[in-house]
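Quantities reported herein were computed from a predicted structural model and do not represent experimental measurements.
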Amino acid sequence: MHTSLPLVIAVIVLAVSFDFINGFHDTANAIATTVSTKALPPKIAIALAAIMNFVGALAFTGVAKTIGGKIADPTKLEYGVLIVLAALASSIFWNLVTWWYGIPSSSSHALIGSVVGAVFASAGGSHVNWSGFLEIFEALILSPVIALVAAYLLMKLAYALFRRIQKPPAKVNRGFRYFQIFTAALQSFSHGTNDAQKAMGIIVFALVAADLHTDTATIPFWVQLICAIAMGLGTSVGGWKIIKTVGGKITKIEPINGATADLSSSTIIFTFTQLGLPVSSTHVISSGIMGVGAAKRMKGVNWGVAKRIIITWFITLPISAVISAAIYSLLRLFFE
């Protein structure tokens, strides 16, 4: 029963739901700075983000292959489909909880932690590919650190450059508002190239576990398409609570530092996508905003909000793993 077609369909529905929730949960990542500086009206910014998320989701598959094959081998797991069900249910639950409280947590951390927790509960630690998990974990931890440093340095460079040019602040701001339209589109595209692929990878994991697909290195186009559509639709809904946190509560956003934060973070997300490594766009972009804020004035960053975000980053992996293990245990009782 644990490899029956209805269960596989349930996995696909949950995975698409995860991508949809990821879309509205992470809308703030792409457009918060653009909306807060009034570079674009909210509705137009969200429409732009939805379209570019969709396009980005169809552009790459490397991260999907990593998620599908590097955490565990689905061919060696007797209850692989139940593992994916538990992981998705846990990730969705945690995403909704953090969205409700307006905390920009990581959908990536939630999904990775949930998969590890469910595999551990099902088959023990020996079936977790710890080297693959460590590679993913390093990318998740290092990417926001790199984003913070890169945004800080780029912001310092921008300030130095425009001090030399000595243009009136109003003209500089007007120019950067136009530039923010480009950076918002780039941010949304890079988000789609990385985040949407996580659901693709988890669907393929389930298909291989159920003997309905041959390997995790090949991502069927229909899987790409439904995940891209779900991500785009979810983005169109918008996560206004998180937009308020990212767009204004971390630091005061101006056109110049908003564009700089977007440019640096989208470049980093896209670089990790090219390497086939999943990152948390939430972490990367929040860190970029902290970096540009610190470049102007260390006291200009609301470190209280930043601290709350960072704590959520660290607790998401273990909490989602525990929740997933518990859900998996309940599913096993139900299906046995």
Side-chain angles (χ1 to χ4, degrees), residues 9-32 46 49-50 53 57 67 82-118 121 140 191-192 194-203 206 226-247 249 278-286 305 308-331 334:
I9 293 172
V11 163
I12 294 170
V13 170
L14 271 184
V16 169
S17 301
F18 173 81
D19 244 359
F20 179 85
I21 292 167
N22 192 357
F24 80 69
H25 189 277
D26 288 358
T27 301
N29 298 339
I31 65 167
I46 288 176
N53 257 314
I67 296 293
L82 287 185
I83 287 169
V84 173
L85 268 177
L88 286 168
S90 169
S91 304
I92 289 170
F93 172 78
W94 184 248
N95 275 352
L96 290 174
V97 168
T98 52
W99 164 80
W100 180 257
Y101 288 101
I103 302 169
S105 70
S106 167
S107 301
S108 306
H109 280 215
L111 184 61
I112 302 301
S114 295
V115 172
V116 171
L140 290 171
H191 178 267
N194 201 286
D195 274 49
Q197 290 190 49
K198 292 154 193 171
M200 298 177 201
I202 212 73
I203 289 174
I226 61 172
C227 289
I229 292 171
M231 177 67 75
L233 289 175
T235 302
S236 69
V237 173
W240 294 108
K241 290 188 177 184
I242 296 172
I243 286 173
K244 290 177 183 176
T245 299
V246 175
K249 291 185 179 178
V279 299
S280 167
S281 56
T282 306
H283 291 195
V284 170
I285 295 164
S286 297
V305 172
R308 191 173 69 145
I309 293 170
I310 292 167
I311 289 171
T312 310
W313 294 354
F314 282 102
I315 65 173
T316 293
L317 268 170
I319 287 179
S320 57
V322 171
I323 294 170
S324 181
I327 292 173
Y328 172 82
S329 300
L330 290 173
L331 288 173
F334 182 78

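In this structure, CD1 on I323 lies 9.5 Å from OG1 on T316, to the nearest 0.5 angstrom. One distance of note links CE of M231 with CD of Q197; it measures 10.0 Å at 0.5 Å rounding. Separating the CG atom in L111 from the OG atom in S280 is a distance of 11.5 Å, to the nearest 0.5 Å. Atoms SG and NZ, from C227 and K198 in turn, are 12.5 Å apart once rounded to the nearest 0.5 Å. Interatomic distance, T235 OG1 to F20 CZ, rounded to the nearest 0.5 Å: 9.0 Å.
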(request) Applying side-chain contact (heavy atoms from CB on, under 4.5 Å), run through S320 and H109 and close with a yes or a no. (result) CA-CA 8 Å; S320 57; H109 280 215; over 6 Å; no

(message) As a quick check of understanding, evaluate side-chain contact (heavy atoms from CB on, under 4.5 Å) for Y328 and L85, giving each step before the final call.
(response) CA-CA 8 Å; Y328 172 82; L85 268 177; over 6 Å; no

(request) Before giving the answer on side-chain contact (heavy atoms from CB on, under 4.5 Å), spell out for N194 and H191 the whole-Å C-alpha distance, their side-chain angles and the decisive distance to 0.1 Å. (result) CA-CA 5 Å; N194 201 286; H191 178 267; over 6 Å; no

(message) One pair to check against side-chain contact (heavy atoms from CB on, under 4.5 Å): V84 and V115. What are the steps and the verdict?
(response) CA-CA 7 Å; V84 173; V115 172; over 6 Å; no

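Here the side chains of D19 and L233 are not in contact, with every heavy-atom distance at 4.5 Å or above. Side-chain atoms of D195 and N53, non-hydrogen and from C-beta on, never get closer than 4.5 Å to each other. Inter-residue side-chain proximity for S108 and V279 is flagged as unmet; no heavy-atom pair is nearer than 4.5 Å.
Looking at every heavy atom in both residues, L140 comes nearest to P278 through CD2-O, 3.7 Å. A pairwise comparison of heavy atoms in A89 and L14 identifies N-CD1, 4.3 Å as the closest pair. For V11 against L88, the heavy-atom pair with the smallest separation is O-CD1, 3.5 Å. When all heavy atoms are compared, the tightest approach of S90 to I327 is N-CD1, 3.7 Å. The two residues I226 and V16 have their closest heavy-atom pair at CD1-CG2, 3.8 Å. Among all heavy-atom pairs drawn from A110 and S91, the shortest one is O-OG, 3.4 Å.
Checked against F18 for a side chain to side chain contact (heavy atoms under 4.5 Å, CB included), the options I203, I202, N95, V13 give a single hit: N95.
Side-chain contact check for S114 and S324: no donor-acceptor pair (N or O, by modelled atom type) lies under 3.5 Å.
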